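Down below is the structure, laid out as C-alpha cells.
No experiment lies behind these values; they were computed from the predicted model shown. Reminder, nothing fancy here: chain letters follow the sequence lines and each chain counts from 1.
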Protein chains: 2
Amino acid sequence: MKNMSTSTSSWSVEKEMNEVERIELLSSVEDAHGGVTVDVKESMDSKMFSLMLKTSLFYWRQQGKRGVWIKLPIEFANLVEPAVKEGFRYHHAEPDYLMLVKWISETTDTLPENASHRVGVGAFVMNDKGEVLVVQESNGRFKGTNVWKLPTGVVNESEDICTAAVREVKEETGIDTEFIEVLAFRQSHQSFFRKSDLFFVCMLRPLSFDIQKQDSEIEAAQWMRAEDYADQPFNQKNELFKNMAKICLTKSEKYYAGFSTMSLTTASGKSTYLYFNNEDFEPSA
Amino acid sequence: MKNMSTSTSSWSVEKEMNEVERIELLSSVEDAHGGVTVDVKESMDSKMFSLMLKTSLFYWRQQGKRGVWIKLPIEFANLVEPAVKEGFRYHHAEPDYLMLVKWISETTDTLPENASHRVGVGAFVMNDKGEVLVVQESNGRFKGTNVWKLPTGVVNESEDICTAAVREVKEETGIDTEFIEVLAFRQSHQSFFRKSDLFFVCMLRPLSFDIQKQDSEIEAAQWMRAEDYADQPFNQKNELFKNMAKICLTKSEKYYAGFSTMSLTTASGKSTYLYFNNEDFEPSA
C-alpha cells in the first residue's frame, strides 16, 4: 500500500509538472539562506501573476527552497491580493514598496523580523559660561507649555547617531557643534504603533554661538543657565527627565564618562561607529 | 472674472457635496495631530471602499484634516489597490496588517517615519576562572568556520536590551545570568534591506555553569579562556571585533565603566530603562 501510494503521488507530481510547464516562472534571485526573492519590475495582470506564482511555488518547493520573498513596488498594488491568497504574509513596507514573505519548507521558519525600533537623539550643548542650548517647540506634546527642552529629533534612514545630533541642533537653532559623547540612552516600548524607541542623550561642543531658530518647528531658542534648565518643574517632576538632566549637569560640572565614537571598517568593508567609554579603554587599529 | 470663477467653483463643491452625501463615510478616529485613522474591521467590496474613501477624503479635506491613516488587516488585501489609487503610500507593515497614509493638507507633510533599526545583543559572560562563554553557530555567516563567538541574538518586539541578552544566553547555552552593563554598542547601516542595525555588547554575570546547548541553532558551546577567545584570527583580523573583544577583556581584567540600567517610570506611566555610567553618577528617585 505504501509503495502504491508513493508511486501514485509521484505520478501526480509529474502530471502536475507537465501541466504547469506551459506557465512561465516568476524570475527570482537566490539568497545565501536557501531562499528566493522575486522583485517585480513590470506591471502584470493579477490573474496571470497568480498562475505564475502558483507554478513558481511548486517549482521552488521541488527545489527545496525555504523562504520566498516578493518585493512589490507600490505601482503594482494589484498584485498584493493574489500574493496574500497564496499564503504570503507582510514582512515590511517602505513608502514605495511592500515586501511579502512565505516560508515553504517543512523546517522551522527562521525568517528574520522587521525593524523594531525608532531612534531619537537629544543634544546637550553647553557653552563656556555654563549655559545650555534649549528650545521651545511649536508642535507636539510640549506646545504652549513654556518648557525649555534640549533640541531633539529622529535619526534619519542610514544616519549615524552622532551625525543626527549635530544636524538637529543646526536645523533647530543654527548652532554648529561637534559630537563629544553619548551620555545615556533610554529604551521604551509600544511608543509608535507596536514599535520601540531608543533615545540617545548626546553631549556636543558648540562651535558657534549666535542662535538663528528654525521658524516652522521651533517657537523659541536660547542659551539658559544649566541649573535653571534642570530646575524646571517639568524636569523635577519626572524621574526620567530629572535623571537625564542631572547626568548632563554631572558631565558639565565634573567627571562623567559617556560613550564616545571610534570609526571602524567592518569585515564587509562598510564603515561603522563603535560607541564605548574611551576614558577607560584605549582602542587599537 | 475672478469673482465669477470663485462662485462657479463653490457651486461645484456644493453640487459634489450633494452627490456624495448618499455615500456613507468610512468610520475613523481622530488623533492629536489633526489626523484621522481608519481601522478597517470588516470585509468590503473594493469598489464600494473606493467610493467611500473618495467621499471621506472630500469630507476630511473640508474639515481641515492633515494626515489620513488606513490600517488594513491582511484579510482585506483587496483594499490595498483602491487605497493606492487614491494616492495613499505605504507607511509600515506587520505580518498581519498594512498601514497606508496620505497627507491631505496644504501644509508641510509632517508624518512620522517608520521604524528604522533592528537591535541586536551580544553577551559577554565570564566565570570566576576568567573563562568566557562562547558558541559555534549551526547556520549563518560563521557556519563551519570553527570561530568561537559570543552568544548573540535579535531583540524581540517590546523586549528590553538587558532582558534580551539574558534570554539569548539561556536559549543558546542553558546558562542563567544576570545583566551587569552595556560595554559598547555599534551602529551600522543598510544591513537589512534599507534598515540600520544597533548592536549592544552586554556584560552578564553567570548564575549557573553547566552548559546545555540548544540543538537547532548552536553547533557547540563551551567556557574558553578569555585570551584564547580574543586571540582567534577572526577577532584579530577585524578592527571591529578586535576592539569589542578587547573592551570585554579590559572589563574583565581591570576597571572599565559601561552603562548599567535604572528602571524608571515615564510621564505617561510606562516603565522604561535608562542606561548610563553609574560609576560616575548617583541617580535620584
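Using a 4.5 Å cut-off on side-chain heavy atoms (C-beta onward), A:Arg194 and B:Tyr97 make contact. Counting heavy atoms from C-beta on, the side chains of B:Val80 and A:Val84 never come closer than 4.5 Å. Considering only heavy atoms from C-beta on, A:Gln190 comes within 4.5 Å of B:Glu157 through its side chain. In this structure the side chain of A:Phe200 reaches within 4.5 angstrom of the side chain of B:Leu198, judged on heavy atoms.
Only the backbone of B:Glu159 comes within contact range of chain A, judged by heavy atoms closer than 4.5 Å. Heavy atoms of A:Thr110 lying under 4.5 Å from chain B are absent altogether. Residue contact with chain A, scored on non-hydrogen atoms closer than 4.5 Å, is absent for B:Val201. Using a 4.5 Å cut-off between heavy atoms, A:Lys270 touches chain B through its side chain atoms alone. Proximity to chain A is absent for every atom of B:Ser46, based on heavy atoms less than 4.5 angstrom apart. Within the 4.5 angstrom heavy-atom criterion, only side-chain atoms of B:Thr250, from C-beta onward, approach chain A. In this structure, the portions of A:Ser188 lying under 4.5 Å from any heavy atom of chain B include both its backbone and its side chain. Interface remark: A:Val101 contributes no atoms to any contact with chain B (heavy atom separation under 4.5 Å). Using a 4.5 Å cut-off between heavy atoms, A:Ser158 contacts chain B through both its backbone and its side chain.
Annotation: maximal heavy-atom pairing with chain B below 4.5 Å, among A:Arg89, A:His117, A:Lys85, occurs at A:His117. Of the residues considered (B:Thr261, B:Asn238, B:Leu100, B:Leu274), B:Leu274 shows the highest number of contacts with chain A, using heavy-atom pairs under 4.5 Å. Of all the listed residues (A:Phe241, A:Trp69, A:Phe76, A:Phe88), the one sharing the greatest number of non-hydrogen pairs under 4.5 Å with chain B is A:Trp69. Counting heavy-atom pairs closer than 4.5 Å to chain A, the top-ranked of the candidates B:Asp197, B:Thr108, B:Val182, B:Ile247 is B:Ile247. In terms of heavy-atom pairs under 4.5 Å with chain A, the best-connected choice from B:Arg186, B:Glu282, B:Lys237 is B:Arg186. Comparing B:Val154, B:Leu79, B:Asn156, B:Leu183 by heavy-atom pairs within less than 4.5 Å of chain A, the highest count is held by B:Leu183. Your options are A:Ser196, A:Ser271, A:Ser116, and the one with the most heavy-atom pairs under 4.5 Å with chain B is A:Ser116. Between chain A and the options B:Glu75, B:His92, B:Lys195, B:His33, heavy-atom pairs under 4.5 Å are most frequent for B:His92.
One N or O on the side chain of B:Tyr256 and one on the backbone of A:Asn277 form a donor-acceptor pair closer than 3.5 Å. In this structure a side-chain-to-backbone donor-acceptor pair under 3.5 Å is missing from B:Glu113 to A:Val155. Judged by distance alone, the side chain of B:Glu239 and the main-chain N or O of A:Thr265 form a donor-acceptor pair under 3.5 Å.
Nearest heavy atom pair, residue B:Arg118 against residue A:Pro112, reads NH1-CB, 3.7 Å. When all heavy atoms of A:Phe276 and B:Ala184 are compared, the pair lying nearest together is CB-CB, 3.9 Å. Minimum heavy-atom separation, B:Asn114 to A:Glu94: ND2-OE2, 4.3 Å. Between B:Phe185 and A:Ile161 the shortest heavy-atom distance is CE1-CD1, 4.1 Å. Considering every non-hydrogen atom in both A:Asp280 and B:Ala257, the closest pair reads OD2-N, 2.8 Å. Contact between A:His189 and B:Asp160 at its shortest, heavy atoms only, is NE2-OD1, 2.9 Å.
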